[in-house]
2 protein chains.
Amino acid sequence: MGAMDLPHGHPQGDDALEQLVARVPLFSALVPDELTAVAQRVRPRKHPRQEQLYGAGEKNSKLMIIHAGRVKIYRITESGHEQVIRILGPGDFLGESTFISGATSDHFALTLEASDICELHHDELHDYLLAYPSVAVKMVETLSARLAGTEHQLSMLAGEDAEHRLAAYLMALHDASGKALVKLPTTKKDVASFLGLTPETLSRKLTQFEEIGWLRLGSRRQIELLDVEALRLI
Amino acid sequence: MGAMDLPHGHPQGDDALEQLVARVPLFSALVPDELTAVAQRVRPRKHPRQEQLYGAGEKNSKLMIIHAGRVKIYRITESGHEQVIRILGPGDFLGESTFISGATSDHFALTLEASDICELHHDELHDYLLAYPSVAVKMVETLSARLAGTEHQLSMLAGEDAEHRLAAYLMALHDASGKALVKLPTTKKDVASFLGLTPETLSRKLTQFEEIGWLRLGSRRQIELLDVEALRLI
DNA sequence: CGCAATGTTGATGTAACTCAAACCTAGTGG
DNA sequence: CCACTAGGTTTGAGTTACATCAACATTGCG
């Protein structure tokens, strides 16, 4: 668990790294040779839980790719409260927002659990994208998808009430896992922030849904969805 | 202003088209030869005002680049009301969200005024990005910036009240133009939707700001900002 | 110039927030 | 490994900002 803190350079390690890189959607279109080239330049690091990867105001100059763990992206609004933007997991990348030269990010990234994350300096990223256009195309596609997701969340926040938002969120979790037993990716406090609610309102709506019989609240952030159709139709 | 409805093919027309393409941020990193190549493949079109460029469900397979005019991007929420996502102007592009093969867009694009828009089929776009990686890099940067903007709007909607949202919006208009006399890009109805408010609330807050002396409401969507500092500090 | 869409103003209702207090859970350190 | 504690969660009561409904005024397009 602590043997990869520093690059060792032995063949076994490089192979493993290449395997990791190959699993990242961003690099999935690369041919083996290119994959090897990328793997050699990427710096893997372990991060403990609750570590701040970057903060607002810093000029974070690294693209980070998550191999294992979860990362919370959030903003501090002008009125001072925390707004969760998204939760990232394995295969996702972050730090691209400051790729536009000079711009400093206005949000924070925090590991929610111990995480394995690869880093790539922005200068290098720029060269990579020019050298491997397929990575650039993949990145365009990923950003498009992420943008569409954020826009969807935006119109949910603006247009729907608390119940609709919560139901839609639960359905998204359900569709992602395919199972009736879903697990919140983080604390209810953060989920509430993500949904634009106070923790109190989230708690109330969840118990309300439970009373109606649409779901059952379990321990350890588990929720068993009993009536998926009802939630979808809300 | 109306002589370019159809491509004419004479040198003058091509030069003009090349000039237009060169002004699009997306293509700003291209060298002259590449610029010519792009200009030859791009199809310019005129659109009347209030024309639907694409709608939800359609598999829109074109990247569109705005040369002149304004385009409203909006979604119909599940509860049936219109949510404005953004207003695009000259130099902006749209239609990239369905670039991810197969995905159908869930939002609509409508011209707010007569517009000149160039089209590029997605297949061609894919080839272009591979052939001209600098365009892909530019697109990554643009999408990053757009994502950051949407995330900002998101946290505004979730975290701030009506006054803060309106004040921040007015400040954004002010910062974009640099002048104290700003002009709403579209109807107040649409601006209200963009800010996640009802038209009634927007109207009330604007008159309230006027009574305080922070601004003066003019005709034709003009607003004169009298106390920029107060608005910024709200 | 006339009509439909947009914008304004007022009265009323309610969903969700705030504040507060008690309870529970999960990581801490001994 | 267990007990401690800080943060997370739940429940309750009271408040308010904003939506809704409605009537009227204005704008600007055909």
Side-chain angles (χ1 to χ4, degrees), chain A residues 48-51 69-70 72 74 77 79-84 110-114 156-167 183-211 215-223 234, chain B residues 48-51 72 74 77 79-84 110-114 156-167 183-211 215-223 234:
Chain A
R49 78 181 237 107
Q50 295 286 82
E51 189 182 52
R70 291 188 177 281
K72 171 170 81 170
Y74 63 100
T77 64
S79 51
H81 93 272
E82 177 182 314
Q83 168 66 35
V84 176
L110 190 76
T111 55
L112 292 173
E113 42 193 85
M156 287 285 296
L157 282 187
E160 313 294 338
D161 62 16
E163 279 173 30
H164 281 83
R165 283 183 245 169
L166 175 54
K183 186 174 187 295
L184 298 181
T186 172
T187 62
K188 285 183 186 157
K189 181 176 176 285
D190 284 346
V191 172
S193 164
F194 181 76
L195 294 174
L197 304 171
T198 54
E200 292 96 321
T201 301
L202 175 62
S203 175
R204 280 185 246 270
K205 290 297 172 195
L206 277 174
T207 49
Q208 191 181 316
F209 282 7
E210 190 173 31
E211 279 160 12
L215 50 79
R216 189 179 352 229
L217 295 170
S219 60
R220 312 194 100 262
R221 289 166 194 167
Q222 309 263 22
I223 298 176
I234 245 203
Chain B
R49 80 180 234 107
Q50 294 286 84
E51 189 182 53
K72 171 170 81 170
Y74 63 100
T77 65
S79 50
H81 92 271
E82 177 183 314
Q83 169 65 34
V84 177
L110 190 77
T111 55
L112 292 173
E113 42 193 83
M156 288 286 295
L157 283 188
E160 312 295 338
D161 62 16
E163 278 173 29
H164 281 83
R165 283 183 244 168
L166 175 54
K183 186 174 186 295
L184 299 180
T186 173
T187 63
K188 285 184 186 158
K189 180 176 174 284
D190 284 345
V191 171
S193 164
F194 181 75
L195 294 175
L197 304 171
T198 55
E200 292 96 322
T201 301
L202 175 61
S203 175
R204 279 185 246 270
K205 289 298 171 193
L206 277 173
T207 49
Q208 190 182 315
F209 282 6
E210 190 173 31
E211 278 161 11
L215 51 78
R216 185 172 2 222
L217 295 169
S219 59
R220 311 196 100 264
R221 289 165 195 167
Q222 310 261 22
I223 299 176
I234 245 202

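Throughout, protein chains are lettered first and strands after them, A, B, ... in sequence-line order, and every chain is numbered starting at 1.
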How is A:L202 classified with respect to the nucleic acid when contacts are heavy atoms under 4.0 Å: base, sugar-phosphate, or nothing?
nothing

Can a donor-acceptor pair under 3.5 Å be found between the side-chain atoms of B:R204 and the base atoms of C:dG10?
yes

What heavy-atom pair brings A:T111 and A:P48 nearest, and what distance separates the two atoms?
OG1-O, 2.8 Å

By the 4.0 Å heavy-atom rule, please label A:G159 as base, sugar-phosphate, or nothing.
nothing

Give the rounded distance in Å between these two atoms: CD of A:Q50 and C1' of C:dT28.
13 Å

B:E82 vs B:D190, test: side chain to side chain contact (heavy atoms under 4.5 Å, CB included). Steps then yes/no.
CA-CA 9 Å; B:E82 177 183 314; B:D190 284 345; 3.4 Å; yes

With respect to the phosphate group of D:dC18, does any side-chain polar atom (N or O) of B:T201 fall under 4.0 Å of OP1 or OP2?
no

Does B:E200 make a side-chain donor-acceptor contact with the base of D:dC21, cut-off 3.5 Å?
yes

Please classify the nucleic acid contact of A:T207 as base, sugar-phosphate, or nothing, using heavy-atom distances under 4.0 Å.
sugar-phosphate

Nucleotide D:dA17, atom P - distance to CG of B:L166 in whole Å:
16 Å

Measure the distance from CD on A:E211 to C1' on D:dT10 and round it to the nearest whole Å.
12 Å

Under 3.5 Å, is there a donor-acceptor pair between the side chain of A:T207 and the main chain of A:S203?
yes

Without decimals, in angstroms, what is the distance between B:L184 CG and D:dG28 P?
12 Å

Nearest-angstrom distance from the residue atom NZ of B:K205 to C1' of C:dT9
14 Å

When you measure from the side-chain N and O atoms of B:K188 to the phosphate of D:dT27, is any distance below 4.0 Å, counting only OP1 and OP2?
no

Judged by nearest nucleotide, the residue sitting upstream toward the 5' end of DNA chain C, A:R221 or A:E160, is A:E160

Do you know which two heavy atoms are closest between A:R165 and A:L195, and how far apart they sit?
NH1-O, 2.8 Å

Under-4.0 Å side-chain N/O to phosphate OP1/OP2 contact, A:T198 with C:dC17
yes

Let me know the distance between CG of A:L206 and C1' of D:dT9, rounded to the nearest Å.
11 Å

Taking CZ from A:R220 and P from C:dT25, how many angstroms apart are they, rounded to a whole number?
11 Å

Enclosure of A:R216 CZ (heavy-atom neighbours >12, cutoff 6.0 Å)
no

Specify the separation, in whole Å, of atom CG of B:L157 and atom C1' of C:dA16.
16 Å

